[in-house]
A.B. asks: 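After the structure tokens below, expect a handful of questions from me.
The chains referred to below are lettered A, B, ... by the order of the sequence lines, with proteins before strands, and numbering in each begins at 1.
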Number of protein chains: 2
Amino acid sequence: MTNTGGRKPDEGERYRAILETAARLICDRGYEGTSMQEIAAACRMTKAGLYHHIQNKEQLLFAIMNYGMDLFEEQVLSRVQDIANPVERLRACMRHNILLVTRGWSKEVIIILHEHATLTGETRAFIDARKKKYVDFLEEAFSQASQQGLIRPVDPTVGAFSFLGMVLWIYKWFKPDGRLTDEQIADGMVGMLFPPFAAVGDTAGQAGPSPLRMVPSVSATGTDSEDA
Amino acid sequence: MTNTGGRKPDEGERYRAILETAARLICDRGYEGTSMQEIAAACRMTKAGLYHHIQNKEQLLFAIMNYGMDLFEEQVLSRVQDIANPVERLRACMRHNILLVTRGWSKEVIIILHEHATLTGETRAFIDARKKKYVDFLEEAFSQASQQGLIRPVDPTVGAFSFLGMVLWIYKWFKPDGRLTDEQIADGMVGMLFPPFAAVGDTAGQAGPSPLRMVPSVSATGTDSEDA
DNA sequence: GCGCTGCTACCTACCGGTCGGTAGGTCTCC
DNA sequence: GGAGACCTACCGACCGGTAGGTAGCAGCGC
């Protein structure tokens, strides 16, 4: 939909409130399991009143997902993409992403994760393209880290999707009142996938054929103590 | 078409065919997005005919999930649970589980993964209990592997859910005709989470440096059953 | 052989309710 | 007085589920 800009001060505000309310319900009950009637009621409106603001149900989901992608890029990607050291970049990214999932601020992000096959056609392609930018970002980081000998060599795609699986699967099992805090989970997973990798000198050329050791590549470690 | 020929169509056989047909549809369209009408038609029956075999829609989903858990236990758990070395157990388990997800034989398993919050009440609790047995199995293996110094020390719960995330997230992105085969993914992920971790005084001399701070405590369990 | 009974496997026809969505009116505020 | 914001009232299609009927078959006494 074409955005008319700031006609009224709270025009966008109202729309965003609808997205957030709808997201809360859809996150709980699923897209197909949530009726427009319920969404309208949660917005303290009738269904016809809701339809004054949105085009149809599918466009509503599309808007929620785009909003979720905006939030993700703001709270994760933008905060880590300038870190020079690829492993530190991945560590910080993993930490931010885990906390984005565990802290329930953005139901929109959870909807993106769960309803991965609900949209079809152009809207599906658009969201998939935004997701792919994140995968590309991770693959690039894994590729750099591998080449610089900062991690054990791994196919960048396998690395990226292993990263994503560990991090994003959390929405299916994490309970805020469980034994483990989200910080502990973040520490554990970062330590597991990106352990301190003290490279040592090796005989063979770079990207050593040995599955066990790799080239030092020296002097790459500059950034320190990236905080979450 | 209704006649399967020969003797009695075996009531269990017919019922299982219904579960598999329903699973195919639900896997494609989601539980809420699939109507009983569609399921009945796919079974070449009317809706009332379908209801002769099942109790209601929720019980159908419950039956599908139990069937999926049976398949999982048969094709993954039962094949690895007797492996003595905990790391080899985890490696073999990961490989079997990945192939179970990538090869689309069991749509029921995918439904278990995707519809993790669709059931409620007792049926939900029952399936969750069956899932928990798998988590316990993984935690135990991680715990043993940590204690025996075969892997970098990690909280067993974090280890188990990292394992599960990497493996089970695959259903959301894997395409059989993609660049990577499922075998390559399995190799990559196994190598990533369970790299050759040289315990002290091991064979293959180069194992020595072992890029870590932690000392692999136990010197026993040098058994390297490179099998699965 | 014959009808009869009991049973499974399905059918047609239908239930009350809800779905996503809309036509057209009213209210309020600039 | 015009433009959004929101309403009542309603649409046809479809939802999960059921009442009640029927075709086919196995077993039965006779």
A.B. asks: Kindly state each residue pair satisfying ring-ring contact (aromatic ring centres under 6.0 Å, His included) with at least one member in residues 44-63 of chain B, sequence neighbours excluded.
C.D. replies: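 Every pair satisfying ring-ring contact (aromatic ring centres under 6.0 Å, His included) with a residue in residues 44-63 of chain B: B/Phe62-B/Phe126.
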A.B. asks: For the pair made of CD in A/Glu32 and C1' in D/dC14, what is the distance, rounded to whole Å?
C.D. replies: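 My rounded result for the distance is 13 Å.
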A.B. asks: Name the closest nucleotide to the A/Tyr51 side chain, picking from D/dG17, C/dT22, C/dC10.
C.D. replies: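 Out of D/dG17, C/dT22, C/dC10, the nucleotide with an atom closest to A/Tyr51's side chain is C/dT22.
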A.B. asks: Counting side-chain heavy atoms from CB outward, which of D/dC15, C/dT22, C/dA9 is closest to B/Ser35?
C.D. replies: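 Closest nucleotide to the B/Ser35 side chain: D/dC15.
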A.B. asks: Tell me which residues in residues 114-121 of chain A lie within less than 4.0 Å of DNA chain D, going by non-hydrogen atoms.
C.D. replies: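 Going residue by residue through residues 114-121 of chain A, none turns out to have a heavy atom under 4.0 Å of DNA chain D.
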A.B. asks: With sequence neighbours excluded, give me every ring-ring contact (aromatic ring centres under 6.0 Å, His included) pair touching residues 21-48 of chain B.
C.D. replies: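 Listed by first then second residue: nothing to list.
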A.B. asks: List every contact pair, protein side and nucleotides 12-14 of chain C side both N or O, where the distance is under 3.5 Å.
C.D. replies:
none

A.B. asks: Please state how far atom CD1 in B/Ile39 lies from atom P in D/dG17, giving the value in whole angstrom units.
C.D. replies: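 Atom CD1 in B/Ile39 sits about 10 Å away from atom P in D/dG17.
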A.B. asks: Going by the rule ring pair (Phe, Tyr, Trp, His ring centres under 6.0 Å), which residues pair with B/Tyr67 if we only count those two or more places apart in sequence or in a different chain?
C.D. replies: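 Ring pair (Phe, Tyr, Trp, His ring centres under 6.0 Å) list for B/Tyr67, sorted by chain: empty.
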A.B. asks: Below 4.0 angstrom, N of the basic side chain to O of the carboxylate: do B/Asp136 and B/Lys132 qualify?
C.D. replies: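 So B/Asp136 pairs with B/Lys132 through a salt bridge.
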A.B. asks: Nearest to the side chain of B/Asn56, which nucleotide is it out of C/dG20, D/dG17, C/dC10?
C.D. replies: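 In terms of side-chain proximity for B/Asn56, the closest of C/dG20, D/dG17, C/dC10 is D/dG17.
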A.B. asks: How many Å lie between CD1 on B/Ile18 and C1' on C/dC10, as a whole number?
C.D. replies: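 Whole-Å distance recorded here is 11 Å.
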A.B. asks: I need the CE-P distance between B/Met36 and C/dG17, as an integer number of Å.
C.D. replies: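 The answer, rounded to whole Å, is 21 Å.
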A.B. asks: Which residue pairs pass the salt bridge (Lys or Arg N to Asp or Glu O under 4.0 Å) test when at least one of the two sits in residues 51-70 of chain B, sequence neighbours left out?
C.D. replies: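 Of all non-adjacent pairs touching residues 51-70 of chain B, those that pass salt bridge (Lys or Arg N to Asp or Glu O under 4.0 Å) are B/Asp70-B/Arg130.
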A.B. asks: Which nucleotide in the list C/dC10, C/dG21, D/dC6 gets nearest to the side chain of A/Arg14?
C.D. replies: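 Closest nucleotide to the A/Arg14 side chain: D/dC6.
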A.B. asks: In whole Å, I'd like the distance from the CD atom of A/Gln37 to the P atom of D/dC7.
C.D. replies: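 The answer, rounded to whole Å, is 11 Å.
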A.B. asks: Roughly, in whole Å, what's the span from CE in A/Met45 to P in C/dG21?
C.D. replies: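 The distance from CE of A/Met45 to P of C/dG21 comes to 15 Å, rounded to the nearest Å.
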A.B. asks: Looking at B/His52, does any N or O in its side chain come under 4.0 Å of the phosphate oxygens OP1/OP2 on C/dA9?
C.D. replies: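 The answer is yes; a side-chain N or O of B/His52 sits under 4.0 Å from OP1 or OP2.
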A.B. asks: Dump the pairs, protein N or O against N or O of nucleotides 22-26 of chain D, anything under 3.5 Å, distances to one decimal.
C.D. replies:
none

A.B. asks: Could you tell me which residues satisfy ring pair (Phe, Tyr, Trp, His ring centres under 6.0 Å) with B/Phe194, sequence neighbours excluded, listed by chain and number?
C.D. replies: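 For B/Phe194, the residues satisfying ring pair (Phe, Tyr, Trp, His ring centres under 6.0 Å) (neighbours in sequence not counted) are B/Phe142.
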A.B. asks: It should be established whether B/Arg44 places a side-chain nitrogen or oxygen under 4.0 Å from OP1 or OP2 of nucleotide C/dC10.
C.D. replies: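 Looking at the OP1 and OP2 atoms of C/dC10, neither is under 4.0 Å from any side-chain N or O of B/Arg44.
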A.B. asks: Just to verify, what does A/Lys47 make a side chain to side chain donor-acceptor pair (under 3.5 Å) with, not counting sequence neighbours?
C.D. replies: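 Residues passing side chain to side chain donor-acceptor pair (under 3.5 Å) with A/Lys47: none at all.
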A.B. asks: Rounding to a whole Å, what distance do you find between A/Glu38:CD and C/dG20:P?
C.D. replies: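 Distance, rounded to whole Å: 8 Å.
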A.B. asks: Atom NZ of A/Lys57 and atom C1' of D/dC14: how far apart are they, to the nearest Å?
C.D. replies: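 So the two atoms are 13 Å apart, to the nearest Å.
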A.B. asks: Charged N to carboxylate O below 4.0 Å: is that the case for B/Glu38 and B/Arg29?
C.D. replies: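 Looking at B/Arg29 together with B/Glu38, the answer is yes, because their closest N to O distance falls below 4.0 Å.
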A.B. asks: Checking A/Phe161 now: which residues fulfil ring pair (Phe, Tyr, Trp, His ring centres under 6.0 Å) with it, not counting sequence neighbours?
C.D. replies: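 Listed in chain order: B/Trp173.
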A.B. asks: How would you list all residue pairs meeting salt bridge (Lys or Arg N to Asp or Glu O under 4.0 Å) that involve residues 153-168 of chain A, not counting sequence neighbours?
C.D. replies: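 Residue pairs passing salt bridge (Lys or Arg N to Asp or Glu O under 4.0 Å), neighbours aside: A/Asp155-B/Arg179.
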A.B. asks: Tell me whether A/Arg95 is salt-bridged to A/Glu183, with the criterion being a basic N under 4.0 Å from an acidic carboxylate O.
C.D. replies: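 Looking at A/Arg95 and A/Glu183, the cut-off is met.
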A.B. asks: Under the side chain to side chain donor-acceptor pair (under 3.5 Å) rule, collect the residues that match up with B/Lys172, sequence neighbours excluded.
C.D. replies: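 Partners of B/Lys172 under the side chain to side chain donor-acceptor pair (under 3.5 Å) test: A/His116.
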